[in-house]
Q: 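Right, I'll just put the structure down here and ask away after.
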Amino acid sequence: MARLTSDKIRQLIKAQQAGYSLAQVFYKDPDIYQAEINQIFLQHWLYAGHVSQIPKTGDYFTFEFDTESLIVVRTTSGEVKAHMNVCRHRGSRICLEQTGSQKHLTCPYHAWNYNLDGELIAARNMPADFDMSENGLHKVNVALLGGLIFVCLSDNPPSLDHLKNDLTEVKALFGFERMKLAEKKSYRIPANWKLAVENYQECYHCAPSHPEFAQVHAMAKPPKVFKTAKAEFANANHGNPKFKQLNHYFDLAAVGQEGYQYDRNPLVRGALSGSLGGKAVAPLLGEVSDYDGGASELMIGPLSYFLIYDDHMLCYRFLPVSIDECICEVSWLVNDSAIDGQDYQLAQLTWLWDITTQADKKIIMNNQKGVDSRFYQAGRLSDMEYFQQSFLNWYLLTLSK
Ligand code: FES
Ligand SMILES: [Fe+2]
């Protein structure tokens, strides 16, 4: 496909009709993909991981998308910091493993040595005028929401003030800080990242595609039935901060603020958690005193989604590998005092969303195949795809900046 100028991209954005899926070019054009990297992935906050993944000084994990790699590390002072995983000598990757623990960050190529704060502390045989203080690793913005680590590569990141303020009670209630990572799985999907994100944003496909999910989540029921169940659930819990509704997502975000959303939805009657048969699968989270038969949807920034049951939390993150490949990473977090094999069984904990994400992977791959066809044309969205529509509005607006 021929390369597009930014004027041409703007024309395509103008031509895109509201209420329809995107034109094929948005999934296929390399210039559009580069614009997405610049305007979305390099500008917004991305969920990196949980503090429990790096409990001790020197513990680190790497975090990758497109051609970028970041190191998220616990420093000597106990802070969480992030640096670009790019040596300031001649650019080699420094940390080659996905996780590890190091006293220093030493480049494997010519052994330039950085401390955990990213400052260069040793470089052999350099000219006399070489200034080590000007050759530290590129810094990446880090923000903590309870124990959730977010990173942003922008020089001017969107503010998290509104969402931090609005989520204070939710964060304490579910004990974001007092969780630990029980399992993490990466699903590599040969499809454009937007198809994966769009799929996550609508439950139009839940009933036909996810029988396991539909047995537990009322959201998979016909819209009228779900609406009634949700209204009853909210009324019965009126005034409870767990049932707060925050709708500042995508095009509804205030100027300069990162987008976010929080909402609690009912499970089917009798279900306690997201598991086979809706059974409880782990000790209750944070300050939660009992199961209420619900699950909270939380979105922070455009690419990180959380699903909070009373006894565990799922983190979903979508990142591109290239224009036609993406990774959906799913993390399962439990109460930090829970013991694997005793208080929870990993296979039971992960069953529902592993089977559901594998099904989603197939759906998304098939979607990409159809989108690749000469006969693909933008299709009309259903009323159940309103959240996806909001994403598309925001996406087109962001791309046109
Ligand atoms: S590229 Fe890292 S020390 Fe040379
Ligand atoms: Fe799905």
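Read the numbers this way: they start at 1 and go in the same order the structure lists the ligands and their atoms.
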Q: Tell me if the aromatic rings of His50 and Phe61 count as close, with their centers under 6.0 Å from one another.
A: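 They do not qualify: ring centres at least 6.0 Å apart.
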
Q: Looking at Phe387 versus Phe250, is the centre-to-centre ring distance below 6.0 Å?
A: yes

Q: Run the numbers for me: atoms of ligand 1, each under 4.0 Å from some heavy atom of Trp112, listed by number.
A: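 Ligand 1 atoms under the 4.0 Å threshold to Trp112: 3 (S).
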
Q: Specify whether an N/O/S atom of Cys206 falls short of 2.8 Å from the Fe ion (ligand 2).
A: no

Q: State, to the nearest 10 degrees, the angle whose vertex is the Fe ion (ligand 2) and whose arms point to NE2 of His210 and NE2 of His205.
A: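 Seen from the Fe ion (ligand 2), NE2 and NE2 are separated by roughly 100°.
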
Q: Looking only at protein heavy atoms, identify the closest one to atom 1 (S) of ligand 1 and say how far it is in Å.
A: Arg90 N, 3.4 Å

Q: Write the atom name of the N, O or S atom in Asp360 that is nearest the Fe ion (ligand 2).
A: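 It is OD1 of Asp360.
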
Q: Relative to each other, are the rings of His210 and His205 parallel, tilted or perpendicular (30° and 60° limits)?
A: perpendicular

Q: Strictly under 2.8 Å, is any N, O or S atom of His89 next to atom 2 (Fe) of ligand 1?
A: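 No - counting backbone and side chain alike, His89 has no N, O or S atom under 2.8 Å.
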
Q: Could you tell me if the side chain of Cys95 sits less than 4.5 Å from the side chain of Leu105, heavy atoms only?
A: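 Leu105 reaches Cys95 side chain to side chain.
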
Q: To the nearest 10°, how many degrees is the angle Cys87 SG to atom 2 (Fe) of ligand 1 to Cys107 SG?
A: 110°

Q: Is it the side chain (CB and beyond), the backbone, both or neither of Ser92 that lies under 4.0 Å from ligand 1, heavy atoms counted?
A: both

Q: Only one of Asp310, Asp290, Asp263 forms a salt bridge (Lys or Arg N to Asp or Glu O under 4.0 Å) with Lys242, so which one is it?
A: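 Only one option passes, and that is Asp310.
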
Q: Below 2.8 Å, can you find an N, O or S atom of His110 next to atom 2 (Fe) of ligand 1?
A: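 It does not: His110 brings no N, O or S atom closer than 2.8 Å to atom 2 (Fe) of ligand 1.
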
Q: Could you tell me which non-hydrogen atom of Tyr305 sits nearest to which non-hydrogen atom of Pro302, and how far apart they are?
A: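 Answer, listing the atom of Tyr305 first, then Pro302: OH-O, 2.8 Å.
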
Q: Answer with yes or no whether the side chains of Asn38 and Gln34 bring together a donor and an acceptor at under 3.5 Å.
A: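 Distance-only check fails for Gln34 and Asn38.
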
Q: Counting backbone and side chain alike, does Cys203 bring an N/O/S atom below 2.8 Å of the Fe ion (ligand 2)?
A: no

